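Below: the structure, in structure tokens.
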Amino acid sequence: MNTQGAHSSEFRLLAMPLVLFLLVFLGFPAIVNLIYSVSDVSFETLRQPRITGLSNFAAVWNDRAFWQASWFSFRFGALTALLECALGLVLAIFLSPLIERRSWLMAILMLPLMVAPALVGLMYRLVLHEFAGPVPYYLWAWFGTSVSFLGPTSAFWTLIVVETLQWTPFALLLFYMAYRAIPTEIVEASAMDGARRWHLLWYVELPLMAPTIVVALLIRFIDGFRVFDNVYVLTGSGPGGSTASLSIYIYEAFFKQGAIGKAVAASVILFAVSFAVLYGLNFIASRRKGALR
Amino acid sequence: MTFTKIKQGGFLAVAIASLLASPAFAKVTVLGWPGGPEETALRAAADVYNAKSDVAENDKVELLFFNRDGFWDKLQADLAAGSKAFDVNLLATYSIGRYAPFMEPVELSGEAASVYGESVLKTMQYEGKQFGVPTDLSMHFMYYRKDLVEALMKDDAAKAKYAEISEKHLGKKLEPKNPDEWTWDDYAATALYFTQAVNPDSPTRYGTVLQLKNLLFNIMVFQSLPRAFGGNWMDESGKITVNSDAYRKGLETYKLLYDAGATPSDSLSYEFAEANAAYTSGQVAAMMQWNAAASDLTSKEKSPTVADVTETVAPPAGPEGRFTHIHGLGFGLNKNAENKAGGQAFIKWLSSKEAALTYARNNGAPALTPEVVTEVAKERPDLVKLGEFASKYGYVMNGGTAAKALSVYELQAKEFTGYWSGQQSLDDALANTEKGMAELLK
């Protein structure tokens, strides 16, 4: 009994730093956010918010810019995740023999990941400028026309391409590691059983890589959904807010409109929806695991 | 014994930390406007100040810059949080009401009134108190290619083409005029004439370059157009008057030019730097731009293609006259400054004639009185125009210094760019703006 009590005290003592860390760095901001989300608050009244109920949530819910930003974030996250993972998968499998022999190639392929997203935005702002950038220069020289890369109709796709070019190496890295981890005995046994290259890929290698593919898709979707830096630098929130992601919407509500309560209410909604989606995915995964047993 | 040693060690550590944080190491930290002529001028002024023998070592100035993007938002957050990272910070006419609760009124030098004049000093006043020293006055010039306009005015065939284009797009036959006599219709007609998409014989690809990015500063450039037609944010009774014929005319003129291809198709992502790059390429005939661009656009080193042929005048006229938006940038004192006395001393010096002339000679844009500006007129002829245009055509919209003035500009930027890009109708843009402004300025 005494030993158990001592263990319990030790456990409490050892867990204390973590608990304190969570309380200070997560708990306190979370409580402040919840209070602000139901308050009328500005920069001048940060220390004396006036509780106003759910009006901030109603304002967000009825704001067409919120739904426009949500739709932009969802489309951007989904499309970039699919494109990055598809390209990363093809490159990982196609380049695997080459990377295996020349490992320094991987370092070169990873270079885009080393650049801060805001810098990527600045770089493309220059590259795509009609009078300073090489791409419009050659388009004008060869075809006598300039493409509006950041105009209202093409800005979304330009942003997709910029994001995909930067983050495909991340997917490539994950898939290359997963591909290299496939046991050679399984591949050799399948080949001996007469499996062709395509069958081997489809029925053996891809199923074995499936957990990595799902994780990569999820990580890239989350990253794309919360995009801020490169989009903000390249197009701002876009004409009429057409390229405003949810992160940009919250930033602008907070800083530019000074609507702190509304911005925090939007982030609380975002948190609640994200939590529900992740909980749902976790629930489905655990049920599937149980069924397999 | 061991506890005593620990205590002694603790005291020693505290003593060392206190020494490191002591005022003996204090400086005056000045947060400036980054990446433009204002930064160059402030650096030069700070060098002169720091070299003075009567400035104590503790009061030497150190400069601090961060990115222009979101500058005012970051400053708002820092000031509201009681930041001590800077003693003196940048201030703008349109943000004084927003920052005044976190700043302290300042004392200027005895020379300030004779160097700047009372009207310019007022751009840094809020509720009757002086919150800063006005170092730069910002306004708009119309930059145009005099070689192209002169050639147009001498050529009868070109004049006929000009009349044909103006009749087709603007509904009236116009004749080319001296740019100093232009109305906004003349500006639009010239922009269309010098556009290859409209006139394949044009020597330039575009007649103008509009800054249409969803950005508050671009609305400041735009609003002199509706203002020339009588537009204002609100009337004397506080009623929002933005949903008016004047704003309708201004917005439609920009839309007409964008749709006709008179400005680059990517203009919806253009701001100050992009517009300058377009103009200096030699492929643009005229543009409205901040006065801060004057030294670069007329510099043979920086703009070899257009420096010799660029002329500046005040923006075109409308039925109500000729107008240019003005606002001042300056420096004020952070309420939570660690070296408040040092900061106040620097601000006082910055309002002196010596500082103003140093600032002017190093690319700054102070609005100086006629007596003082003559001392730099040869080096900075644009400063003579600055003073003249500010007094003749300068305006501030009703509500333009309100605490939420910046939010109004942000709102207009979002709604107006939505119209220019074809995502919403003019009626919706104006109605949304009116509704939002009523909320912000109530």
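For clarity, every value in this text was computed on a predicted model and none was experimentally measured. Letters go in sequence order (proteins before strands), and every chain restarts at 1.
The candidate from B:Pro101, B:Ala278, B:Ser269, B:Gly436 with the greatest count of non-hydrogen atom pairs under 4.5 Å with chain A is B:Ala278. Among B:Pro264, B:Ala429, B:Ser265, the residue making the largest number of heavy-atom pairs under 4.5 Å with chain A is B:Ser265. Here B:Asp266 is the residue among B:Leu440, B:Asp266, B:Leu268 with the most heavy-atom pairs under 4.5 Å with chain A. Among A:Ser237, A:Pro136, A:Ala244, the residue with the largest count of heavy-atom pairs under 4.5 Å with chain B is A:Ser237. The candidate from B:Tyr270, B:Phe416, B:Tyr419 with the greatest count of non-hydrogen atom pairs under 4.5 Å with chain A is B:Tyr270. Chosen from A:Thr153, A:Leu150, A:Leu128, A:Val147, the residue pairing most often with chain B at heavy-atom distances under 4.5 Å is A:Leu150. Ranked by heavy-atom pairs under 4.5 Å with chain A, the list B:Ser421, B:Ser267, B:Ala81 is led by B:Ser421. Per-residue counts of heavy-atom pairs under 4.5 Å with chain A were compared for B:Ala273, B:Ala277, B:Ala413; the largest is that of B:Ala277.
The closest side-chain heavy-atom distance from A:Tyr249 to A:Lys262 is below 4.5 Å. Using a 4.5 Å cut-off on side-chain heavy atoms (C-beta onward), B:Arg145 and B:Tyr279 make contact.
Between B:Tyr143 and B:Trp290, the distance from one ring center to the other does not fall under 6.0 angstrom. Ring pair B:Trp420/B:Phe222: centre-to-centre distance below 6.0 Å. Outside the 6.0 Å centre-distance limit, the rings of A:Trp61 and A:Phe66 are not counted as a close aromatic pair. In this structure, B:Tyr409 has its ring center no closer than 6.0 Å to that of B:Phe217.
One finds no salt bridge joining B:Lys335 and B:Glu104 here, because no Lys/Arg side-chain nitrogen approaches an Asp/Glu carboxylate oxygen to under 4.0 Å. A salt bridge links B:Arg248 to B:Asp427: one of the charged nitrogens lies within less than 4.0 Å of a carboxylate oxygen. The existence of a salt bridge linking B:Glu271 and A:Arg125 is confirmed by a sub-4.0 Å separation between a basic side-chain nitrogen and an acidic carboxylate oxygen. Remark: B:Glu415 does not engage B:Lys435 in a salt bridge, criterion side-chain N to carboxylate O under 4.0 Å.
Proximity to chain A is limited to the side chain of B:Tyr206, based on heavy atoms less than 4.5 angstrom apart. If you measure heavy-atom distances from B:Tyr258 to chain A, the contacts under 4.5 Å come from the side chain alone. Contacts of B:Arg205 with chain A are made by side-chain atoms alone, with heavy-atom separations under 4.5 Å and no backbone atom involved. Contact of B:Phe102 with chain A is made through the side chain alone, with heavy-atom distances under 4.5 Å. Proximity to chain A (any heavy atom under 4.5 Å) is shown, for B:Ala77, by both the backbone and the side chain. Proximity to chain A (any heavy atom under 4.5 Å) is shown, for B:Asn276, by neither the backbone nor the side chain. Using a 4.5 Å cut-off between heavy atoms, B:Glu274 contacts chain A through both its backbone and its side chain. Looking at A:Ser154, neither its backbone nor its side chain comes within 4.5 Å of chain B, counting heavy atoms on both sides. Both the backbone and the side chain of A:Phe149 come within contact range of chain B, judged by heavy atoms closer than 4.5 Å. Neither the backbone nor the side chain of B:Glu439 comes within contact range of chain A; no heavy atom of the residue lies under 4.5 Å from a heavy atom of that chain.
For A:Phe74, the CZ atom sits in a loose shell: 12 or fewer heavy atoms of surrounding residues, nucleotides or ligands are nearer than 6.0 Å.
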